[in-house]
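This report concerns only the one structure given below.
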Protein chains: 2
Amino acid sequence: MVRIIENLNLSEQVTNDLGRAIVAGEYSCESGLPTEAQLCEEYGISRTAVREAVKMLAAKGLISSRPRQGISVEQPSNWNLYDTSVLSWLLDSSPSLHVLKEFLQMRLAIEPQAAALAAEFARDEDIDQIEKAVEAMRIAATDPSASMHDADLAFHTSVLFASRNRFFFQLRDFIRTALNVSIQHTTPAKANDVAVAEDHAKICLAIRNRQPERAKNLMTHLIDEAMSFIEAEIKRRS
Amino acid sequence: MVRIIENLNLSEQVTNDLGRAIVAGEYSCESGLPTEAQLCEEYGISRTAVREAVKMLAAKGLISSRPRQGISVEQPSNWNLYDTSVLSWLLDSSPSLHVLKEFLQMRLAIEPQAAALAAEFARDEDIDQIEKAVEAMRIAATDPSASMHDADLAFHTSVLFASRNRFFFQLRDFIRTALNVSIQHTTPAKANDVAVAEDHAKICLAIRNRQPERAKNLMTHLIDEAMSFIEAEIKRRS
DNA sequence: TTATTAATTTTGTATTATAATATGCTTTAA
DNA sequence: TTAAAGCATATTATAATACAAAATTAATAA
């Protein structure tokens with residue numbers, strides 16, 4: 001009945017299962033969810049576990065429950081998309097190419113500004129971290145055994161951190177997910193990886209040189225490249 | 001013991017109480033939380049209610065619990081700051097002028113890009129909504145009985161909606177909170193409200209005329225004004 | 001000393017019972 | 001006839017208890 005996932009206790013498994021189903025549209029705002037009693041029966045578990053799952057989903061904005069009325073599905077606009085679980089459920093159910101475009105629009109807002117803030121406020125050790133990621137990218141660009149993707153993620157995460165703004169750094173999971181989806185739609189051509197690494201290196205240098213505008217523009221360019229690639233892909237498939 | 005808040009059931013009240021305490025630093029990563037049994041005693045409630053509160057806080061990334069180890073506080077970087085409750089707990093405990101600067105840095109990333117997307121993708125009815133908010137601002141600028149703040153919020157929310165990107169619209173609660181904090185630090189001088197309303201009107205027009213770059217620049221300027229005001233205020237107080 | 005086993009503590013799950021709440025129906029009175 | 005009051009009912013909310021599972025610590029035996 002429930003997909004068993006390692007390291008997740010019963011109520012967490014049910015949360016996952018129901019969350020996925022809700023985001024996939026198996027339960028709508030109109031229909032609502034079955035009653036607690038019915039869910040107990042369906043999953044063959046106690047009310048304790050069901051209720052804890054319901055509470056967790058409610059905490060993520062997916063549902064709400066009231067006596068006599070039962071459990072109702074919240075409007076999708078109330079779902080907390082910046083919750084890692086909700087985001088993964090969304091990707092499981094949506095055509096990822098379309099979501100990817102939304103991701104890139106968001107990255108185009110966040111990351112250039114983060115780079116500018118980093119150029120202004122980063123501490124030296126933050127910039128060292130960024131540079132370390134750049135070095136890893138350079139290595140991965142030529143060494144097939146090293147992971148370009150991991151280095152890329154480290155770069156973008158460390159820039160968010162260097163912005164010294166909690167709200168930017170908080171989006172690291174969002175960016176990570178966006179990068180994961182990106183590589184699913186990228187041909188694994190390592191041809192221009194060296195050039196990509198150098199584009200990242202330029203951003204790092206701009207931050208180190210305390211050039212906010214330059215860092216911002218370079219980051220914008222970087223993400224724009226990915227965007228134009230995706231738009232071409234969308235056009236090709238339609 | 002617990003601050004009783006209307007319309008909140010017992011486990012939600014405890015969630016609020018513990019959430020506030022955790023964000024305020026009353027429990028640290030090192031110390032962790034009391035055991036479920038102790039919390040039952042402290043609050044004088046059943047384990048059921050305590051556990052449901054714990055689950056909700058865990059769903060928001062504030063804590064995690066394991067058998068024998070008890071309930072531990074997650075690192076603040078793992079807290080889901082885009083959750084409305086967590087955000088309000090944060091504001092209750094932080095010097096709001098400092099958080100306000102972080103808010104504005106974030107708005108400076110999000111809203112200009114949202115305006116640009118709106119100029120590109122908004123439907124006609126979306127733009128009508130924005131215009132309605134602008135009209136309300138114009139009225140509030142001269143009529144003391146009308147709320148400038150409400151109209152302002154409506155404007156920024158409708159631009160986010162018009163971006164036609166879920167991740168942008170999802171941030172409306174974040175923006176609302178940012179605006180709320182802003183007015184706490186703004187002198188209630190209605191002197192230049194007419195000019196402010198016209199600045200908003202220009203953005204609306206740029207969106208209607210499908211001028212993404214212009215809409216973006218105008219929005220940047222709008223938020224930059226607030227930013228420079230806040231930076232002056234921070235300097236003044238230090 | 002080291003590996004194994006046992007005891008202990010805490011959360012995880014199940015069960016049962018009762019309270020609170022909201023909805024719709026029925027009765028009653030104007 | 002109609003509106004108000006009260007009642008029945010379904011569902012979540014809270015409590016209490018019991019036992020299982022997991023992880024740490026202590027004790028034991030080789």
Side-chain angles (χ1 to χ4, degrees), chain A residues 1-19 22 27-74 78 85, chain B residues 1-19 22 27-74 78 85:
Chain A
M1 199 94 70
V2 184
R3 214 172 319 178
I4 279 109
I5 300 171
E6 218 58 40
N7 287 330
L8 258 54
N9 62 32
L10 186 51
S11 60
E12 287 168 340
Q13 284 171 37
V14 174
T15 302
N16 241 296
D17 206 65
L18 284 175
I22 291 165
Y27 302 106
S28 68
C29 290
E30 299 77 42
S31 70
L33 257 70
T35 65
E36 291 180 357
Q38 286 171 309
L39 289 171
C40 291
E41 234 188 320
E42 282 181 33
Y43 285 103
I45 60 177
S46 74
R47 244 189 102 193
T48 309
V50 166
R51 280 186 61 82
E52 289 180 357
V54 165
K55 290 298 174 191
M56 288 192 275
L57 291 171
K60 294 174 188 296
L62 266 64
I63 60 177
S64 62
S65 63
R66 281 186 294 177
R68 170 76 208 210
Q69 180 172 337
I71 306 164
S72 47
V73 176
E74 287 288 312
N78 287 118
S85 313
Chain B
M1 198 95 69
V2 185
R3 215 171 318 180
I4 278 108
I5 299 172
E6 218 58 38
N7 289 330
L8 258 54
N9 62 33
L10 186 52
S11 60
E12 287 169 339
Q13 284 172 37
V14 175
T15 303
N16 241 295
D17 206 65
L18 285 175
I22 291 166
Y27 302 106
S28 67
C29 289
E30 298 76 44
S31 70
L33 257 70
T35 66
E36 291 180 359
Q38 285 171 309
L39 289 172
C40 290
E41 233 189 322
E42 283 181 32
Y43 285 103
I45 60 178
S46 73
R47 237 188 109 193
T48 308
V50 167
R51 279 186 61 81
E52 288 179 358
V54 165
K55 290 297 173 189
M56 287 192 276
L57 291 170
K60 294 173 188 297
L62 267 65
I63 60 177
S64 62
S65 63
R66 281 186 292 177
R68 170 77 208 211
Q69 179 171 338
I71 306 164
S72 47
V73 176
E74 286 288 311
N78 287 118
S85 312

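To find a chain, count down the sequence lines: A is the first, B the second, and so on, and within it residues start at 1.
Nucleotide dG12(C) holds its P atom 8 Å from the CD atom of Glu12(A), rounded to whole Å. Computed from coordinates, the Arg51(B) CZ to dT17(D) C1' distance equals 14 Å when rounded to whole Å. Atom CD in Glu36(B) sits about 18 Å away from atom P in dA20(D), given to the nearest Å. Atom CD1 of Ile63(B) and atom C1' of dT11(C) are 12 Å apart (whole Å). Rounded to whole Å, the distance from CG on Leu39(A) to P on dT11(D) is 12 Å. Following rounding to the nearest Å, Asn9(A) (CG) and dA20(D) (P) show an atom-to-atom distance of 18 Å.
In this structure, the side-chain hydrogen bond (donor to acceptor under 3.5 Å, both in side chains) partners of Arg66(A), at least two apart in sequence or on a different chain, are Gln69(A). Applying the side-chain hydrogen bond (donor to acceptor under 3.5 Å, both in side chains) test to Ser46(B) and every residue at least two apart in sequence or in another chain returns nothing. Residues passing the side-chain hydrogen bond (donor to acceptor under 3.5 Å, both in side chains) test with Glu36(A), sequence neighbours excluded: Arg47(A), Arg51(A). For Pro67(B), there are no side chain to side chain contact (heavy atoms under 4.5 Å, CB included) partners two or more places apart in sequence or in a different chain. Evaluation of the side-chain hydrogen bond (donor to acceptor under 3.5 Å, both in side chains) rule for Lys60(A) yields Asp83(A) as partners, not counting sequence neighbours.
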### Summary
Protein-proximity profile, nucleotides 14-22 of chain C, B/S/- by nucleotide at the 4.0 Å heavy-atom cutoff, equals BB-B---BB
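When all heavy atoms of Val73(A) and Cys29(A) are compared, the pair lying nearest together is O-SG, 3.5 Å.
The side chain of Ser11(A) contributes an N or O atom lying less than 4.0 Å from OP1 or OP2 of dT13(C).
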